[in-house]
Structure formats: C-alpha cells, structure tokens
Amino acid sequence: MSNDRVIIFDTTLRDGEQSPGASMTKEEKLRIAKALERMRVDVIEAGFAIASPGDFEAVKAVAEAIKDSAVCSLARALDADIERAAEALKNANSGRIHTFIATSPIHMQYKLRMQPEQVIEQAVRAVKKARSLCADVEFSCEDAGRSEIDFLCRIIEAAIDAGARTINIPDTVGYAIPHQYADTLRQLLERIPNADQAVFSVHCHNDLGLAVANSLAAVVAGARQVECTINGLGERAGNAALEEIVMAIRTRKDLLGVYTNIETEHILSTSRLVSGITGFPVQPNKAIVGANAFAHESGIHQDGVLKHRETYEIMSAQSVGWNANKMVMGKHSGRNAFRARLEELGIVLPGEAELNAAFTRFKELADKKHEIFDEDLQALVSDSLGEEAPEHFKLVFLEVASRTGEVPHAEVVLSVDGVEQKVAASGAGPVDATFKAIEAIARSQANLQLYSVNAITQGTDSQGEVTVRLEKGGRIVNGSGADTDILAASAKAYLNALNLMQAGGHKTHPQAADV
Ligand code: KIV
Ligand code: ZN
C-alpha cells in the first residue's frame, strides 16, 4: 500500500451505535454496511460481537455479506471476547479483530484496578490470542489521549511484537488538542523501534469539537488510518465525521499530501441512510451533508458562484452526491425500471415477493405524488428490507379529526397478532391523539423519548419520514415510518417501535470494566 494512502475505518455500526438511542437492527446494519462498501470504505467495524446475541448476529451477517471492505469486530482484551469476535468473523472475506485495553493512569487505577505491568501482559496475551484466530489484528490503547507517552511506547512495542498490525491511539474522552495530539503520534512513530511494522491509527471523540482537527493533525504527523463515523455519530458529542475527514483530505491534497479510496459521490446518500435509520437528524449547517452546506443565500455569493463556482465554493456539491437528486420515476414506470433503479441505488430486495410488494407500494405512492425521487424509493423499500421484529401490531385503519377550537380525536383499528381491535382517543394534537389510541390497545408503558418528522424530498406532496424513539426499562428502540400522510407515517413509526420493543435483547457496553 502506498504510504500516502489513508485507510478509512468506519465505526458507525459500533462506536456510532453506542450513541444513546442509535441502536440498530441486523437488517439496518446490513443496509448501512452495504452503503459503506459501495463508498469503498476500507474497514467496517460492524459491532462488538460479545455484547449481545443480536450484536453477534449482526457482525456475522455483515461479515458474510461484505466482500470488498474488511469487516471488524471489537473485543476487550479477554479470551471470551476474542473467541466470540473470531466466531462472528469466520466467514468474512477479510476479517479483523480489534482488541483494546485502557492505558491511562486513571483508567488503570480506578477502572481496571491493575498495575501497568499487568496491563502490558494482558495486552500481549490478547493480541497473541487474536493472532492465533485471525491474521489481521488491531490493538487500541483506550484513553491514549490521557496516557503517559513512555508507557504507550512500551505497550505498543510489545503489542507489535505480539502480532498487531494496526495500532490505534484513541482520544477516548475527546481531550486532545491538535498540535499536542500530533506530537504524541510523532513521538510514538519515532521512539517505538518496531513502529514501521504497523499502521498507526487515530480515533477521536468530539467532546471539545476537535475530533476532525485532531485526526487530520495526526495524519500530518504520520497516522495512516482514521477511525470515523457517518455524520459524526457516536458516544456523547460523537466521533470524527467520515465525510469531513475524507473531503478535507481530498480538498486540501495540496497541503496534506495524502488520499483515500472513498468514492465521495456516495457520501450524501449514506449520510441520509444513517440519519433515517437512527433518527438522528443532520443539522442544516453541518459541513458536507447539511441541507445548507452548499446553499448560497447572499446575493454577492450567488453572483460570484454563478460567474465562477470556485469564487465561493471549495468543492462541488456534486462531488459528495448533491444534485444527483433527479426525478427518477412516475406512475407509468414499469416493474423492470423499478427494479433497475433500486439496483442502481445499491438496493437488492430479498426475493420476488418483496419486489412485488414494494412495486405495489410504489404504484400507490405514484398515484398520490407525481414525481418520485431516489429518497422516496429508499423509504418505500425499507419495509421490504425487513425489520427483524415480527409484526405483532399492525395498522389496519386510522381516522383523525382535528378542527380549530376542538380537541383532536383519533380512531384506530390495530391487528394484534391477527386479531383486530378498535379504539378511540383524544389528545393535545392529532399525533398525540393517534399515539394515545395506539397505547390504549398496546399498553406498552414505554416512554416516548423522541418524535421527529422529516420531509424526504421537497414540496408539500413529499413523504414525511417519522422517527419514534421509545424507552422501557433502559432499553431504547427507534421505529420509523414513511407516508405522504404524516399521521399515517407517525402511526407506522410508533407501531414499528413497539414491534421492535417486543423483540427484546440486552447488550454489554464495550468499555465495561470487567477486564
Ligand atoms: O473511544 C475509544 O477508546 C474506543 C475504543 C474501544 C477504540 O472506542
Ligand atoms: Zn470510541
């Protein structure tokens, strides 16, 4: 590999998923993994295999489906974690085990309750164990951003000797400042005698809003892998945003002198996919993928851009997938054209039955809406790509009355395991009345943590995409639904969340202190 290439390691499905409320089903992870592969991400961290049976199945499914990117599972420096990761990755074309242990004084003393020498011993044992099961092993020094440089040199040298081929220096708590983090990388690369036998990687959290700046400073200092997530999703303030890292490297090649293999035209659709699945909206002024990222409001700017784009634009909107947003189909489009367009979007439905069902929904939508865009198709097929949860609750009928000066009222018929039940309820607004009616039947006792509606495309005939986040007993699920009628979309999203809630499951957090 050329020494000028920066490996893009995407951890949306693992560290991104650790963001409260962002947990994803196996099918959702598969859809995102395929979008990442299409974008030519080098390594996809698909999850933490030992965290739960669901995480194991998701890593396994991603490992089996993805051919062009390496697929990685996280594992604490414990035999059981490493064995579970290897098992989940066993059918991967190219699998990687990513094992880690904390190296900062504060973590070693209070979390691990271990002496530094014991931590080195455990790291070496873990890397050797991982190498006995997988050729590609990454070792991370958790909380490296607050670790002592001499200790980092010792443990990293030992991990490379034990067989780690990627060494990751995470700024776990988002504490680093660019010049200081770059200096740490520079010192490690200079002082560790076997540093040339490994790729040095960075993994930055955004607590001070510096995750991207720190990652790029480390690249200048010699790091050649960046760990990042789509839309900067991740714990607390999130991780370094993939789209920002990739576009900074591309736009400032003159200064940084490195490149990535990412096909940047797929950035926007991947961003939208992640946002839709997790229910985490992208702020309008977000770099690269925010709705206003390429919008020029002021007359002076508009005039300049029209005369010569580069006067106010440092990269083209097309280069990250904006304006690819063309009218793709209408009510006269046939089944073959529908299938072909889905394939172009990287969507392959599991079978003919799913294709037929999606095509029927497409025709229904085309009757209501003249222009069907790619985003409409993506929303339309998301049901067919299948949530894991069986449809315990299903919407049969919804009627909502809302009149100025009167209390909104909803009448709902649900099919509960095939048996229809009808109920009516009033509420503060039409959505509230709808949810109250559903709850009168479901009696879930779940707390509604988030309700959000997004127009999928422009215009008042757009489908509304609704996300509903429910919490019960510490378990959080996101339901989604799309329809040109936002009340129907809201009811579908609520029922989807209830069905996911029924599916159950429990996870271990990777940073749990039981090493
Ligand atoms: O932030 C962190 O330290 C991590 C490691 C597990 C790599 O996510
Ligand atoms: Zn992290």
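It should be emphasised that the depicted structure is a prediction, and the values quoted were computed from it without experimental measurement. Both ligands and their constituent atoms are indexed starting at 1 by order of listing.
- For the residue pair Thr12 and Thr229, no side-chain donor N or O sits within less than 3.5 Å of a side-chain acceptor on the partner.
- A side-chain contact (heavy atoms from CB on, under 4.5 Å) with Ile277 is found for one member of Glu28, Arg272, Lys29, Glu27 and no other, namely Glu28.
- Side chains of Asn206 and Asn239: a donor-acceptor N/O pair is absent below 3.5 angstrom, by distance only.
- For ligand 1, the atoms lying closer than 4.0 Å to a non-hydrogen atom of Ser140 are 7 (C).
- Counting only heavy atoms from C-beta outward, the side chains of Ser275 and Asn231 approach each other to under 4.5 Å.
- Between Thr172 and ligand 1, at least one N/O pair is under 3.5 Å apart.
- There is no side-chain donor-acceptor pair under 3.5 Å between Asn454 and Glu465.
- Ligand 1 lies nowhere less than 4.0 angstrom from a heavy atom belonging to Glu235.
- No N or O atom of Asp143 sits closer than 3.5 Å to an N or O atom of ligand 1.
- Taking every non-hydrogen atom of Glu142 and a distance limit under 4.0 Å, the qualifying atoms of ligand 1 come out as 3 (O).
- Screening the protein for N, O or S atoms under 2.8 Å from the Zn ion (ligand 2) yields 3; no waters enter the count.
- Listed by number with element, the atoms of ligand 1 under 4.0 Å from a non-hydrogen atom of His98 are 7 (C).
- Ion pairing of Glu142 with Lys111 is present here, as a side-chain N (NZ or NE/NH1/NH2) and a carboxylate O approach within less than 4.0 Å.
- Taking the six-membered ring wherever Trp is involved, the centroid distance between the rings of Tyr451 and Phe435 falls below 6.0 Å.
- With ligand atoms numbered from 1 in the order given, ligand 1 contributes 1 (O) to contacts under 4.0 Å with heavy atoms of His205.
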